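Before any comments, here is the structure.
Values in this document were obtained by computation on a predicted structure and should not be read as measured data. Note: hydrogens, waters and symmetry copies are ignored here, and every other heavy atom, side chains too, is used.
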Amino acid sequence: MPGPAATPDFVQAHVQDAWQTPDGLLWVTYFDQSQRCETIPMENCSTPMLEVLDPTTGALIASQRLSKGLRPAGTGYLANTQNSRTFDGGRAQIGIYTVRLVRPTSRN
């Protein structure tokens, strides 16, 4: 009788934020753990991702790998934490970006 089958390493995505826009699309930001890693926190060994889904059909509309410094900062916003600065008195400067989906126009 053969021994137990080897099981592949289980990789799990870590969802950061999700929101639905007025047009019904679901936006999800998450960390895709693309390699085995014992490091904590997870973002040190994973790739931040942004995906747009159509929840009625389950279709993936768009998928974008984000730079390591971009993090969810509320519904529809990303913050650039890599280039943030702190000034005297504790004031912080962080770049905030809005995200939007641009679909190609058809030429008829």
By side-chain hydrogen bond (donor to acceptor under 3.5 Å, both in side chains) - contacts of Thr56 (at least two apart): Asp54
When rounded to the nearest 0.5 Å, the distance separating CG of Leu50 from CZ of Arg65 is 12.5 Å
Sequence neighbours excluded, which residues qualify as side chain to side chain contact (heavy atoms under 4.5 Å, CB included) partners of Thr21? Trp19, Asp23, Leu25, Trp27
Report the residues that fulfil side chain to side chain contact (heavy atoms under 4.5 Å, CB included) with Ile96, sequence neighbours left out, ordered by chain and then residue number. Ala73, Tyr77, Ala79, Ile94
What are the two closest non-hydrogen atoms of Leu26 and Pro55, and how far apart are they? N-CD, 4.0 Å
